[in-house]
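Remarks on the structure that follows.
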Amino acid sequence: SATAQVVHSAGRRFIVSPVPEARLKEQ
Amino acid sequence: AEDTGVRVELAEEDDGKKDSIALKLWVEDHKKLKGKYKESGAIEFTFDLEKEVPEVVAQEMVESGFFHESDAKTVGKSIRDRVALIKWRRERTVSAAV
């Protein structure tokens, strides 16, 4: 699955991926 | 925990031993937020239960372009609620073991 990474200036890494499939159905 | 429209969940099993835990956060109800986040994905990050403050992580997410400043409080509260639940479960597990 497509993921992207964003590193904040303070050093924290955020990994972005699609919302978990099960939760999309709930919406 | 109050439904803020932002969902925060564990991104890994919590063995209760490590201070840092991986969490995953995503927008579940766009209507509850001020900004527009139609195609936003799930954001995974590591949080130190002992040292870090949820509102600081929320601010970092705003600065990283994930959320509008006007939603920082909501994001911070959502992280705080989940962190409180994790800590509560850990304390309960410890006290049950004693």
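Every chain is numbered from 1, with letters handed out A, B, ... down the list of sequences.
Under the 4.5 Å side-chain heavy-atom criterion for grouping Ile, Leu, Val, Met, Phe, Trp and Tyr, L49(B) is connected to F45(B) within one hydrophobic cluster. By the rule that hydrophobic residues join a cluster once side-chain heavy atoms approach within less than 4.5 Å of another member, V27(B) and I15(A) end up as members of separate clusters. When hydrophobic clusters are built by joining Ile, Leu, Val, Met, Phe, Trp and Tyr residues whose side-chain heavy atoms come closer than 4.5 Å, directly or via intermediates, I21(B) is not grouped with V56(B). Connection of L10(B) to M61(B) is established within a shared hydrophobic cluster, with ILVMFWY side chains joined at heavy-atom distances below 4.5 Å, either directly or through further cluster members.
Contact residues of residues 4-11 of chain A toward chain B are V6(A), H8(A), A10(A) (heavy-atom distance under 4.5 Å).
Remark: K51(B) engages D48(B) in a salt bridge (charged side-chain N to carboxylate O under 4.0 Å, His left out) (not counting sequence neighbours).
The two residues A42(B) and P18(A) come nearest to each other via the heavy atoms CB-O, 4.0 Å. Taking every heavy atom of both residues into account, R12(A) and V57(B) meet most closely at NH2-CG2, 3.4 Å.
Heavy atoms of other residues, nucleotides or ligands lying less than 6.0 angstrom from NZ of K73(B) number 12 at most.
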